[in-house]
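Shown next, in structure tokens, is the structure this report addresses.
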Amino acid sequence: MRGPVRALTLAALGVLALAVPASAVAAGASVASTVSQAVGARASVASTGSPAVGRSSVATPAVAGTQAATHPSAAPPPLVTGAPAAAATLVPSPSSTPRGYRLTAAQALAIARADPRVRAALRGHRVWVAYEYTRGWPNWQVSWFTQSAPAREEIQVYVDDVTGTVTQVWTGFQVAWTMARGYPGAFGRQINAWYVWLALSAMFVAPFVPARRRRAGARGTEGPRTRGADGARAGPRLTWLHLDLLVLLGFSVSLALFNHADIGLSVPLIYPPLIYLMVRMLLLANRRGVPRLPVRTLVGDRWLLAGTVALMAFRIALNVLNSNVIDVGFAGVIGADRLVHGQPLYGGWPHDNMYGDTYGPFNYYMYVPFRLIFGWSGAWDSLPAAHGASISFDVLTLAGLYLLGRRLRGHSLGVLLAYCWAAYPFTAWALESNTNDSLVSATLVLTLLVISSAPARGFAAALAGMTKLAPFALVPLLVRGTDDRPRERSLAAFIVAFALGCFVIMLPVLLDGNFARFWQDSVQYQSGRVTPFTVWGLWGGLSAVQHLAQGAVVALAIGAAFLPERRGVVEIAALSAAILIALQMVANYWLYSYIVWFYPLVIFALLASHPTRVQASLRKWEASELDDPPPRLRIVPT
């Protein structure tokens with residue numbers, strides 16, 4: 001046993017040793033995000049702004065030839081580290097040289113036009129009009145727009161003024177969506193380092209690695225005896241759980257491609273794991289594929305608890321030292337600030353996050369304490385309030401999972417669930433990106449904790465739905481709860497509590513006369529936008545298939561109110577996960593932080609569906625022809 005324990009401990013220390021020094025380099029740097037949804041998501045012109053009317057630039061052969069002679073193409077281009085931070089400023093004249101720059105606008109255009117990727121994109125589109133911008137020295141931006149009304153940006157090129165070389169070329173959806181460009185560290189920074197990711201993945205599966213052991217399970221676990229009937233040691237045994245854990249890690253392949261700007265492959269590859277997990281959860285909800293043996297772990301509760309503490313310390317340290325706040329966390333701080341100052345929550349948001357008012361009110365309420373504690377400068381800076389909120393949401397979810405496991409099966413399951421949350425790389429990815437998605441996780445875990453009380457269950461469902469709208473799909477399932485059949489009193493209590501919760505949460509919005517803007521910016525925007533991060537937006541032409549799939553999800557959500565007839569908290573968790581996964585598959589937008597919506601439900605259903613040691617022994621005795629029960633089940637008279 002000492003070998004695995006030592007390996008697990010060294011892995012944790014190795015992660016800390018590798019990540020923290022790299023984090024300290026950026027401790028004093030601003031963590032303002034370079035990732036935001038471009039204006040093209042809800043407007044027709046990209047974030048460079050509308051091109052000036054009547055302004056066009058055409059590169060002449062003389063200019064292009066002169067530029068090629070002046071600045072040899074053999075000059076090495078700078079490394080691509082992200083989009084220029086400065087705003088784009090249109091250069092009014094092709095022959096003018098902006099202050100502090102060396103090139104003229106016409107020369108920058110000639111350099112951009114000479115790039116083979118630009119020539120290929122312009123082939124057959126000679127009517128596109130080019131405009132030159134400065135993006136803070138030494139960066140030029142050359143953009144080609146359509147002449148249709150409204151204009152649409154089709155090509156975006158960055159040129160370095162010092163070397164006279166093209167540093168970045170973006171076409172198609174990667175023009176409007178900077179988050180599709182694979183800029184290093186755009187989401188979570190150091191968490192994406194291969195050595196950190198692999199270390200977390202190894203620690204995630206390490207407790208479940210099958211191994212030859214001398215006795216029943218590890219200390220504090222529910223493992224059965226590993227000796228056979230003849231007393232020989234049993235060999236390692238692979239179970240369905242091992243495949244489940246590998247599938248949960250399978251999203252890493254898609255993320256790696258996403259980080260390298262290969263959206264054409266990263267997007268389709270999210271669907272196989274989603275489909276597998278949805279089917280797996282539906283089977284468990286109908287008591288199919290239920291494990292027959294207890295969960296087997298290499299180490300006991302004390303080691304798992306120590307690992308959980310170490311992992312959480314690492315995650316929080318990495319969040320403080322080397323993480324960034326994407327637009328989601330920034331939106332939470334802006335919304336909280338508007339609430340503090342008595343401003344309407346929806347509409348009229350600042351330009352650098354003008355579409356951040358797309359979440360439910362409860363999301364912004366939960367940022368208010370952190371806005372009051374840490375304040376806000378009014379800019380997209382390090383945003384300590386967003387860091388504090390994300391860390392709190394993460395810790396709340398972990399604590400909720402521990403309580404859920406302890407209530408159902410005791411301390412051992414609680415510790416194991418907490419460890420699985422702390423070790424899973426994608427929960428860390430959401431934390432280090434400082435998103436609000438762990439708040440969804442926390443409210444869903446809370447719903448399971450109060451599943452036996454109809455009023456509490458109804459109020460918790462309102463909290464989850466008013467955080468992000470997707471959990472509203474679980475309301476038909478939660479109306480009935482774990483009852484064998486619908487009961488009028490229970491239904492009435494749930495409906496009243498749910499309606500009251502929604503009303504209380506929406507009350508500030510209603511009092512401000514802000515409901516119409518809430519509906520427009522949240523419900524309509526979320527349901528109407530088209531993005532390249534799902535196959536529906538990436539490939540296009542699938543609207544009929546998408547509508548059919550959406551109808552099937554609606555039928556699944558409604559049907560969950562009636563089937564299966566026998567259900568406990570494990571079946572409720574599995575059904576909830578299946579519905580959320582199905583909903584994500586038919587939506588128009590998806591991001592890797594959305595995994596944490598269903599992950600706590602999935603891991604709870606997978607681990608809690610295993611029988612205890614006593615239950616496994618009882619099932620074995622019932623299936624045998626022996627008259628006497630196993631020794632553990634015999635009642636010894638006193």
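These figures come from a predicted structure and were not determined experimentally. Residue numbers run from 1 in the order of the sequence given.
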- prompt: What are the two closest heavy atoms between Pro98 and Val91, and how far apart are they?
  reply: CG-CG2, 4.1 Å
- prompt: Does a donor on one side chain and an acceptor on the other come within less than 3.5 Å for Glu154 and Thr171?
  reply: no
- prompt: Rounded to the nearest 0.5 Å, how far apart are CG of Asn259 and OG of Ser254?
  reply: 9.5 Å
query: Short question: side chain of Asp115, backbone of Ala112 - any donor-acceptor pair under 3.5 Å?
result: no
task: Give a yes-or-no answer on whether the side chains of Ser377 and Asp381 include a donor-acceptor pair shorter than 3.5 Å.
output: yes
- request: Run through Phe330, Tyr364, Tyr355 and flag the one making a ring-ring contact (aromatic ring centres under 6.0 Å, His included) with Trp349.
  value: Tyr364
message: Check whether Trp376 reaches the backbone of Ile334 with its side chain - one donor and one acceptor, N or O, closer than 3.5 Å.
response: no
statement: Rounded to the nearest 0.5 angstrom, the CD-CG distance for Gln168 and Asn139 is 8.5 Å
- request: Mind listing the closest non-hydrogen atom pair of Ala386 and Gly329 along with its distance?
  value: CB-O, 3.9 Å
message: Return the OH to OH distance between Tyr346 and Tyr359, rounded to the nearest 0.5 Å.
response: 11.0 Å
- prompt: Is Arg135 reaching over with its side chain to a backbone N or O of Pro84, donor-acceptor style, under 3.5 angstrom?
  reply: yes
- prompt: Is there side-chain contact between Tyr592 and Ser433, with heavy atoms separated by less than 4.5 Å?
  reply: no
- prompt: Just wondering, do Ser252 and Trp429 contact through their side chains at under 4.5 Å, heavy atoms?
  reply: no
task: Count the heavy atoms of every other residue, nucleotide or ligand shown that sit under 6.0 Å from NE2 of His260, and state whether that count exceeds 12.
output: no
- line: The reported gap from CG in Asp437 to CG in Asp394 (rounded to nearest 0.5 angstrom) is 11.5 Å
- request: Return yes if some donor-acceptor pair links the side-chain N/O of Gln584 with the main-chain N/O of Tyr594 below 3.5 Å, else return no.
  value: yes
- request: Compute whether any side-chain donor of one residue and acceptor of the other, for Asn434 and Asn319, lie under 3.5 angstrom apart.
  value: yes
Side chain to side chain, Lys468 and Asn363, heavy atoms closer than 4.5 Å: no
query: Side chains of Trp197 and Asn192: is there a donor and an acceptor less than 3.5 Å apart?
result: no
field: Donor on one side chain, acceptor on other, Arg181 and Gln156, under 3.5 Å
entry: yes
message: Check this for me: does any side-chain nitrogen of one of Asp357 and Arg338 sit under 4.0 Å from a carboxylate oxygen of the other?
response: no
query: Any donor and acceptor pair, going by atom type alone, linking the side chain of Thr146 with main-chain N or O of Ala151 inside 3.5 Å?
result: no
Taking every non-hydrogen atom, the tightest pair across Glu432 and Leu318: OE1-C, 3.5 Å
message: Can you confirm whether Arg119 is buried at CZ, in the sense that more than 12 heavy atoms of other residues, nucleotides or ligands lie under 6.0 Å from that atom?
response: yes
field: Nearest heavy atoms of Tyr367 and Asn436, plus distance in Å
entry: OH-CB, 3.6 Å
task: Kindly give the heavy-atom pair with the smallest separation between Leu477 and Ala560, and that separation in Å.
output: CD1-O, 3.6 Å
message: Quick check against the 3.5 Å criterion: does Arg102 have a side-chain atom that pairs as donor or acceptor with the backbone of Asp161?
response: yes
query: Within the side chain of Thr531, is there an N or O that forms a donor-acceptor pair under 3.5 Å with the backbone of Asn588?
result: yes
- request: Take Val175 and Ile155, measure what side-chain contact (heavy atoms from CB on, under 4.5 Å) needs, and give me the verdict at the end.
  value: CA-CA 7 Å; Val175 173; Ile155 307 175; 5.6 Å; no
query: Would a distance-only check, ignoring hydrogens and angles, find a side-chain to backbone donor-acceptor pair under 3.5 Å from Thr443 to Leu439?
result: yes
message: I'd like to know whether Ile326 forms a side-chain contact (heavy atoms from CB on, under 4.5 Å) with Asn324, so could you lay out the CA-CA distance, the side-chain angles of the two residues, the decisive distance to 0.1 Å, and finally the verdict.
response: CA-CA 6 Å; Ile326 65 173; Asn324 65 328; 4.1 Å; yes
From CA spacing to verdict: side-chain contact (heavy atoms from CB on, under 4.5 Å), Phe533, Trp177: CA-CA 10 Å; Phe533 305 110; Trp177 292 90; 3.4 Å; yes
query: Is any side-chain heavy atom of Tyr589 less than 4.5 Å from a side-chain heavy atom of Arg529?
result: yes
- prompt: Does Tyr101 use its side chain to pair, donor to acceptor, with the backbone of Thr134 at less than 3.5 Å?
  reply: no
- line: One should read off an interatomic distance between Thr534 OG1 and Leu591 CG, to the nearest 0.5 angstrom, of 12.0 Å
message: Counting C-beta onward and ignoring hydrogens, is there a side-chain heavy-atom pair between Phe145 and Trp128 closer than 4.5 Å?
response: no
- prompt: Between atom CE of Met506 and atom CZ of Phe515, what is the distance when rounded to the nearest 0.5 Å?
  reply: 5.0 Å
- request: Ignoring hydrogens and angles, state whether a donor on the side chain of Asp327 or Asn353 is under 3.5 Å from an acceptor on the partner side chain.
  value: no
- line: Taking every heavy atom of Ser266 against every heavy atom of Leu257, the minimum-distance pair comes out as CB-CB, 3.7 Å
query: Side-chain contact, heavy-atom cut-off 4.5 Å: Ser576 with Phe598?
result: no
message: Donor-acceptor pair, distance only, cut-off 3.5 Å: does the side chain of Gln141 make one with the backbone of Tyr158?
response: no
message: For a 4.5 angstrom cut-off between non-hydrogen side-chain atoms, does Ile579 reach Met278?
response: no
field: Side chains of Thr165 and Val159 in contact at under 4.5 Å (non-hydrogen atoms)
entry: no
message: Using the rule given for side-chain contact (heavy atoms from CB on, under 4.5 Å), can you reason through Leu277 versus Leu248, listing the C-alpha separation, both sets of side-chain angles and the distance that settles it, and then say yes or no?
response: CA-CA 8 Å; Leu277 291 172; Leu248 284 169; 3.8 Å; yes
message: The criterion is side-chain contact (heavy atoms from CB on, under 4.5 Å); which residues satisfy it with Ser522, sequence neighbours excluded?
response: Leu469, Phe518
query: Which one of Val440, Val602, Leu444 satisfies the side-chain contact (heavy atoms from CB on, under 4.5 Å) criterion with Leu580?
result: Leu444
